[in-house]
Protein chains: 2
Amino acid sequence: MMSQREMKSLQERVDAITQTIKSGRLWDSIMEMAKYGATANGGVNRLALTETDNAVRIILMEWINRPNYHFFVDAIGNLFIRRDGATPSLDPVMTGSHLDTQPSGGKFDGIYGVLAGLEVFRTLDDLDMATVRPLELAVWANEEGCRFVPGCMGSACFAKPDDLPHWLAITDDESITVAQAVARFHKTLSGIPHRPLGTPVHAYVEAHIEQGPVLENTSATIGIVSGIQGCRDFQVTISGMEAHAGTTPASSRQDAMKTAVLLLRDLYTLMDSAGDECRFTVGAFQVYPNSSSVVPGQVVFNIDLRHPLQSSLTALGNKVIALCDKHTGRCSIRAKELRWRKPVEFSKVLPDLIQNAAHRLKLPKRVLPSGASHDAVNLHLCCPTGMIFVPCEGGISHNEKENAALADLHAGTQVLAEVLYRLAENIP
Amino acid sequence: MMSQREMKSLQERVDAITQTIKSGRLWDSIMEMAKYGATANGGVNRLALTETDNAVRIILMEWINRPNYHFFVDAIGNLFIRRDGATPSLDPVMTGSHLDTQPSGGKFDGIYGVLAGLEVFRTLDDLDMATVRPLELAVWANEEGCRFVPGCMGSACFAKPDDLPHWLAITDDESITVAQAVARFHKTLSGIPHRPLGTPVHAYVEAHIEQGPVLENTSATIGIVSGIQGCRDFQVTISGMEAHAGTTPASSRQDAMKTAVLLLRDLYTLMDSAGDECRFTVGAFQVYPNSSSVVPGQVVFNIDLRHPLQSSLTALGNKVIALCDKHTGRCSIRAKELRWRKPVEFSKVLPDLIQNAAHRLKLPKRVLPSGASHDAVNLHLCCPTGMIFVPCEGGISHNEKENAALADLHAGTQVLAEVLYRLAENIP
Ligand SMILES: [Zn+2]
Ligand SMILES: [Zn+2]
C-alpha cells in the first residue's frame, strides 16, 4: 500500500483521487443496477424493500467485498458499507443515497448517489489509499415513499430512533407492514451484523441528480445545494350553488368556478412577483358536479407552495390565506393548511467544501436549494450535511425517460471524492 | 250546451273561462301524476317511454275521456288529445309539453304544461263551451333526452318527419332502440289510431316553469318568452408540460393550469361586460395528471355560451376563439367548437297575445328569452309559437326540490286559457 507519507501534500493526494475516478466503471455499474426491475420503456420499477430492492443491495455488497470493508444493517432496513479508517474510533464520514425507485422511475434517481460513493471507494482501493476516519456508504431504506408512505423512512428513523415503532406499523397496499418487509430484508442478508439506529456520523454528503432544470438551463455541472426548500400545502374549498347554465343570469349565480379563477389569477400574480425561487403549483383541481351545462356548485383544489427561505414561505403562505378571505363573497372559501414543513438550510461547512472542490476542478457551478426532499434533510439533524447535484436531461425525473450525461455524473463523483477525502483526513 | 251566441262578447266569454279555472283541480292533478315514478326525496324519476311514462299517458286519457275528445299517436311516440272544434276542417290550436322527467327530476317540469292544458279543456267542458277551431293537447315524447339522447325528440320528429329513421335507431344504455320503445308504447295504447307526423297546426303555445330565477327575482308572475337563446359550445384543450412542483422554477414551466386561469379570467371579464342576457359557463374542467405535486401538463374544459341575439352570440363566440389564440404561448390552446345553435325568436303573434292576456288579468309580467330548450323550438318551425313561463322556487329545476306556487301555476293557466280560446275563435 502506498503510504500517505509518500504523497507530497493533501492537495496532491486529492488530485490523484479525482484523476483516477473511472467514469466508465461508474456508468457500467449504473447500467448493471438498472437491469433489476427494468421496465419495457427503459425505466426501473424497484419499490422499497421488495425482493428486487434487496437483490441490488446484495450485488452492491458483492462488488465491494474486500477485507477492508464491513457491512451493517439496522432495525429500519438501512444498509451501511464501512471502509476502515486508520483511526477506527473516529466517527465516520458518510455518503450514500437510495436504491429504491418510483413504480415508473428512472436509472439515476438515488442509484447515482450510491454508485458515485462506490466509485470513490473503488478509486481509493485502486490507489491503495487509506483515510484517517472511516468512510461509510449508506443505502437508505424507502426513500421514495411509494410502497410505504411517507418516504425518506430509513434516514428519518436513523435520525430519530424513537420513531421506530411508528414506522414499523406502516402498511403497503397488500397490508404488509414495514416490520414484515424489514424482517424479510434481514433474512435475505442473514449473517450481516445489526447496528443500532443513529450511530454517530462526522459529516454526510450525498450526490444526486437535480430532478429539475436549473443546472441544465444555466449550463452548470455542479449544484451546491444550500438546503431543502420548505413547503406549505393548502386545500382550498370554494362553495357556491349549482345552477342551470342556460337559465341562470350571471347576477344570480354563485359560480364556484368563476370565484376559483379570480382567486387563482391573483395568486399567480402574487407568486410571479415573488421571484424564481418561489414554487407555486395548483396541480389537483376538482369541479362539482363537473357537467358542462351546470354552473359549478363547488371547486376543491390543492396549493403546493415551496420556498427555500423561512421568512418568504411564511409571508407567502399567509398571503394565500388572506387572498382566500378577500375573494370570499358570493361563494364561501375555506383554506385548510395540510402541511407546513420549514425549509432546511445546510450549515456552511459542506456547501463550502463542495464549492471549493468544484472551483478547483474548474467545473461550472451554481448554488441552489433542492426542490425535492432527500435523505440529507434527516442527516442534517445528525451532523454537518451537504448535497452535490448534477444535471439531468430536461430536468425530468420520476420518469422512465430520466437521463443524465456521463460527463456530469463523472464530475459530480470527482467533487464527491474530494469532499469525502478532505473530511476523512481532517481531524478537528 | 250554452251557445256562444248567448255570450255578449268575445271578452265576456274569455272572462268566464279564466274565472272558472280551478287551481285546486290543477294542483291535485299535478300531485296525482307525481306519484308515478315518485322518488324518496319528493322528486320524480320517469324516463321517456318507460312503463311509468306510458302509464301516466293512459291516466291522462282516462281523465278526459269524453265524447268530444279523440286520441291519436304517431310514429315517434307522441300522444295528441283533440277536443272537437265547431269547424273540424280547420287546423287545430295546440298546447302541450312533456310528461317525462330527468332521473332525479321534479313534479312540475313539463307536467305543468300538459296539465295546464288539461285544466283549460276541463274548464271549457265545465262551461259547455265549444271553439271554432279544434284544440289539441300534445304530449311530446322524450323531451328530456336522458334515456335517449338528445332530447326534444318527439317535437323535432314532428317538425321534420324525414328524420324519423335517424331517431328510431337511437339506443338507450341497455341497447333498446327508440323503435322498440315506441312499439311498446303503441302496444300499451293499442286501439288508439295512428296519425302521420307533422299534421298542420294553426298555432302552438306551451306553458312551463321558468327553470331559472328571473321571474322570481323580478317579482313577475308571467314570463312572455321572446324566443330561445342560441348557444355556442366549445371544448378548450390547453397543452403544456408536466413537471415536478418542487424542482421546476416558474420560468421553466409550461403550466397548463396557469394558462387556463389567465385565459378564463379574461373570458369572465369579457362576458361580465356583455350584459345579463349573456350566459357563460365553465362547468366541466379536467386537469391532467391531477396530482398536487405535479405541474399540470394538460387542462381540458368546456365552455357553454348562450345568448338570445344571433349577432351577440356570434361576436362573443368569435371573441372566445380570439382570446384562446391570444393566450397561446408557453402552452398551446385548441378551441374546438362542439355546437352552434342559432337563437330562435318567436314571431310576435303569440308573445303579443300572451302579453295582452297577462295585462288584462293584471298579472306582473316580464318578457324574457328561454334559457333552456323546449319542444316549442321545434313547433316554431311549423306554426306561430309562444311560451308562457311561471316562476319556480329559487329557479331550481331538474332537481327533486323543484317547486312552484299554486297562485303562479293558476295565473299561467289563466293566460294559457285566454290565448288558446282567442286563437281557437279567431279565423283569419
Ligand atoms: Zn432520490
Ligand atoms: Zn321541460
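Proteins get letters first, then strands, A, B, ... in listed order; numbering begins at 1 in each. As a basis for the values below, the full set of heavy atoms in this structure was taken, side chains included, without hydrogen atoms, waters or symmetry mates. Quick caveat: nothing in here was measured; it's all calculated off a predicted structure.
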Test your reading of the model: is there a side-chain donor-acceptor pair from [X] to the backbone of [Y], 3.5 Å cut-off?
X	Y	value
Asn290(B)	Phe285(A)	yes
Arg265(A)	Leu262(B)	no
Thr247(B)	Gln211(A)	yes
Asp276(B)	Ser251(A)	yes

Ser252(B) and Asn217(A): side chain donor to acceptor below 3.5 Å: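 The answer is yes; a qualifying pair exists.
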Among [options], which residue has the highest count of heavy-atom pairs closer than 4.5 Å to chain B?
options	result
Val282(A), Val294(A), Leu368(A), Ile303(A)	Val282(A)
Arg253(A), Met271(A), Glu277(A)	Arg253(A)
Ala250(A), Pro213(A), Ala372(A), Gly212(A)	Pro213(A)
Asn302(A), Asp233(A), Val261(A)	Val261(A)
Ser292(A), Ser370(A), Pro296(A)	Ser292(A)

Salt-bridged, Asp272(A) to Lys258(B), with N to O below 4.0 Å?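 Between Lys258(B) and Asp272(A) there is a salt bridge, with a charged N closer than 4.0 Å to a carboxylate O.
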Separation of [Y] [atom2] from [X] [atom1] (nearest 0.5 Å):
X	Y	atom1	atom2	value
Arg279(B)	Ser293(A)	CZ	OG	14.0 Å
Met241(B)	Ile396(A)	CE	CD1	6.0 Å
His244(A)	Glu210(B)	NE2	CD	10.5 Å
Thr281(B)	Asp255(A)	OG1	CG	6.5 Å

Heavy-atom cut-off 4.5 Å, strictly under: side chain, backbone, both or neither for Val214(B) against chain A?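 Looking at Val214(B), just its side chain touches chain A.
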Pick one of side chain, backbone, both or neither for Phe280(B), based on which atoms fall under 4.5 Å of a heavy atom in chain A.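 Just its backbone gets close to chain A.
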Please tell me if the side chains of Gln286(B) and Val287(A) come closer than 4.5 Å, counting only heavy atoms from C-beta onward.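 No, their side chains stay 4.5 Å or more apart.
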For Thr248(A), is it the side chain, the backbone, both, or neither that has a heavy atom closer than 4.5 Å to a heavy atom of chain B?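 Both backbone and side chain of Thr248(A) come within 4.5 Å of chain B.
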